[in-house]
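Nothing here was measured: the structure is a model prediction, and the numbers come from that model. If you read the sequence from its start, that first residue is 1, and numbering goes on from there.
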Amino acid sequence: MPLNDKLNQTKCVTTVWGKLIPEREAYSYALRHIAAFTANIFQVMRILEPDFNKRTEAICETSYMFNMSACSDDYKAAFYGEWNIPEFCDRCAWLGGIVGDSGDEYQNMAGRVIQFTRDRVEKELDACPWDIVGAELCNMTTAMFTANFDIESAVPGENEVSLNMCEARGCGDRKCRVVAERRDTFNLPKQGWLDHMGTPVMPIHDTPEERTVRDGQFIRNGCYSQAFGEEKSLEWAYRWSMEKGWVWCVAFPLIAIREMADTEEEFERIFKIVFATAGKNEFIEPFAKEGLRSWLGVPHEIGWNDPRLMGGYIKNILDTQFVPSELDAFTKDEVRIKVNVETFTGRFEMAPIDELILGYETLWHNMVKTLVSPEWSCWFEDKDEEEMTIVVGRKIDKRMV
C-alpha cells in the first residue's frame, strides 16, 4: 500500500507564540466570545431597566424594525436567487424559515429542521453559543424570526404566522425549539412581543438525546446545505459571522438600551462598571490563567508578571475575529498592537458599533489586573484617528477603575 504523497492541510489561526488553532476551533471560540460580550451588554440593560417586560419589548421592537428595513424587491430577488428557490414555489411567509435556519447554522446553533411546510415550520436546537445571555435574548430572537417571516410575506408586516419559542436553553430548557404556524390555518390571534414563548398548536418532535449534536453543520461537515440543496462553506460562514454576527446580538440591543438611560453619561458609567467587573473576573482563578497559557502555547520562559500574556490574548481575539492587526511592540515592558479603527468598530455599514471600543478597552484594562498584575493597564491610543493602538503597559492612576 503506497504512502500518502503529503499531509492534509488545515487552515489555522497562529498565536504570537506559534501555537496553531484549527479553523473550526477558532470559529467556535470566536462565536462564544461574541456571546460573552453580548451577555455583558444585557447586564447593562438589566440595570437601566428593571422591568423585564419593558426591556424585552424594547429590544424586540428594535430588532424587528431593523430586520424589516431589509425588506425590498431587490433584497427578495437576491434572496431567491442565492437560495435557488424555484419559480413555482409559493412566495409567502413560510420561506422565512430558510433565513432563520441558515442564520442559526452560520453561528453554530446546532440542530435540525423538524418540519418545513407552508403551514408549519419547526426548528430544534441542541446547542447555542448565546444560551448564556438570558431570556430577553431568547425573546428577541423570536422578534427577528417574525421579521424573517414577514419579509417573505405577501403583505410585509401582516404577521401571517404565530411564532413560539416553546423551549429555550437560555431559560433552562435542554433544547431551543421554535415553531411557526400559519394563523389562518390554525385560527390563531396576532401576537405581541411577550406572546412568543407559548405552546404551539401541533405536537412537537423531540429528537432522542443520543442523536443530538454539539456543533452545527459547518463544523461537522465543512458546509451547510439548506432545503433546496444550496450550500455554504465553513469559510463563508466564518466570515459572515465575524462581519454581521455582531449586529443582531450587539448593535440591535444597544440601540434600545441606550434609550433606557436618562443621559449618555449615565449609560457610559454603568457600561464601564459592568465590563470592568467582567474583566476582573475573567482570570480570577489560577487554573484559568494556566488554561490560557496552554491555549496560546505560551513558553515557560514567559513569566506570570509579563504584559505579553495579555498582549498575546488580545492578538488572538483579533485574529480569530478576522480583524487585521500589527504588533508594533511585544516585549516584557510593553505591548503595542495597531488596528484600523473602522474595521475594529463597525464591520457592518448599517450599524457601526462604537461601543466595541469602550467595551473592550474597559474589559481588557481590568482583565490584565488578574491575568497579569494590577501594575499593568490596557488602554487605546488615537481612538479618533484612522488607526489606533492597543497598549498594555504600566500606569499609575490614583482613581484606578
Side-chain angles (χ1 to χ4, degrees), residues 34-71 96 99-100 103 107 128-151 156-159 161-166 168-172 176 178 180 189-198 244-275 278 345-346 348 350-356 358-359:
I34 297 171
F37 194 94
T38 304
N40 294 336
I41 288 174
F42 273 65
Q43 294 295 77
V44 175
M45 176 186 68
R46 290 165 188 141
I47 295 172
L48 290 171
E49 176 50 76
D51 187 279
F52 177 87
N53 289 356
K54 288 181 180 179
R55 63 180 183 251
T56 299
E57 287 183 328
I59 61 173
C60 284
E61 182 69 30
T62 299
S63 297
Y64 176 82
M65 288 191 301
F66 269 87
N67 255 25
M68 286 299 291
S69 68
C71 183
V99 182
Q107 297 175 96
C128 170
W130 280 265
D131 55 12
I132 58 173
V133 179
E136 297 95 337
L137 184 72
C138 300
N139 277 270
M140 192 188 88
T141 302
T142 65
M144 297 186 63
F145 284 156
T146 299
N148 292 340
F149 280 86
D150 280 3
I151 286 172
E158 183 62 25
N159 294 147
V161 303
S162 173
L163 198 147
N164 284 293
M165 182 174 278
C166 52
R169 286 183 56 84
C171 298
C176 291
V178 180
K190 194 170 182 177
Q191 295 171 304
W193 293 129
L194 298 177
D195 301 329
H196 289 274
M197 305 293 276
K244 298 180 175 64
W246 283 99
V247 178
W248 75 275
C249 62
V250 175
F252 289 173
L254 272 173
I255 293 168
I257 293 169
R258 277 190 169 279
E259 295 182 359
M260 296 175 186
D262 293 333
T263 64
E264 180 70 19
E265 291 74 21
E266 178 70 356
F267 171 83
E268 185 171 318
R269 184 181 71 85
I270 293 175
F271 191 93
K272 291 176 71 174
I273 290 171
V274 169
F275 275 79
T345 57
F348 190 59
M350 187 177 74
I353 310 168
D354 293 335
E355 287 78 6
L356 281 177
L358 178 62

**Asked** Can you list the steps and then say if Val44 with Phe267 is a side chain to side chain contact (heavy atoms under 4.5 Å, CB included)?
**Response** CA-CA 8 Å; Val44 175; Phe267 171 83; 4.3 Å; yes

How close do [X] and [Y] get, counting heavy atoms only, and between which atoms?
X	Y	answer
Phe252	Ser63	CB-OG, 3.6 Å
Asn67	Met144	ND2-O, 3.4 Å
Thr38	Cys249	CG2-O, 3.1 Å
Asn40	Ala278	OD1-CB, 3.5 Å
Asn164	Ser162	ND2-OG, 3.7 Å
Cys176	Ala168	SG-CA, 3.9 Å

To the nearest 0.5 Å, tell me how far [X] [atom1] sits from [Y] [atom2].
X	Y	atom1	atom2	answer
Arg55	Ile257	CZ	CD1	10.0 Å
Ile47	Glu266	CD1	CD	9.5 Å
Leu254	Ile41	CG	CD1	4.0 Å
Arg169	Asp131	CZ	CG	4.5 Å
Asn139	Asp195	CG	CG	10.0 Å
Thr141	Asn148	OG1	CG	10.5 Å

**Request:** Check the pair Asp150 / Asn159 against side chain to side chain contact (heavy atoms under 4.5 Å, CB included), numbers first and verdict last.
**Result:** CA-CA 6 Å; Asp150 280 3; Asn159 294 147; 2.6 Å; yes

**Prompt:** Do Trp248 and Gln107 get their side chains close enough for a donor-acceptor pair, meaning under 3.5 Å?
**Reply:**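 Yes, because at least one side-chain N or O of Trp248 sits under 3.5 Å from a partner of the opposite role on Gln107.
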
**Message:** Within the structure provided, determine whether Ile255 and Phe66 are in side-chain contact (heavy-atom separation under 4.5 Å).
**Reply:**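 Yes. Closest side-chain heavy atoms under 4.5 Å.
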
**Heavy-atom side-chain contact between His196 and Phe145 under 4.5 Å** =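 No, their side chains stay 4.5 Å or more apart.
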
**Request:** Kindly assign one of parallel, tilted or perpendicular to the pair Phe275 and Phe271, based on the angle between their ring planes and the thresholds 30° and 60°.
**Result:**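 Rings of Phe275 and Phe271: parallel, under 30°.
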
**Request:** Among Arg46, Glu49, Glu57, find the residue that satisfies the side-chain contact (heavy atoms from CB on, under 4.5 Å) test when tested with Glu136.
**Result:**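 Among Arg46, Glu49, Glu57, the one meeting side-chain contact (heavy atoms from CB on, under 4.5 Å) with Glu136 is Arg46.
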
**Asked** In this structure, which one of Met140, Met45, Arg258 forms a side-chain contact (heavy atoms from CB on, under 4.5 Å) with Pro253?
**Response**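 Answer after filtering Met140, Met45, Arg258: Met140.
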
**Asked** Is a side-chain donor or acceptor of Thr56 paired with a backbone partner of Asn53 at a separation under 3.5 angstrom?
**Response**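 Not confirmed, Thr56 side chain does not pair with Asn53 backbone.
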
**Prompt:** Is it true that atom CG of Asp51 has more than 12 heavy atoms of other residues, nucleotides or ligands lying nearer than 6.0 Å?
**Reply:**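 Count over threshold, so yes.
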
**Stepwise side chain to side chain contact (heavy atoms under 4.5 Å, CB included) test for Thr146 and Phe149** = CA-CA 5 Å; Thr146 299; Phe149 280 86; 5.9 Å; no

**Message:** Let's go through Cys171 and Met165 carefully: what are the C-alpha distance in whole Å and the side-chain angles of both, what is the deciding distance for side chain to side chain contact (heavy atoms under 4.5 Å, CB included) to 0.1 Å, and is it a yes or a no?
**Reply:** CA-CA 11 Å; Cys171 298; Met165 182 174 278; over 6 Å; no

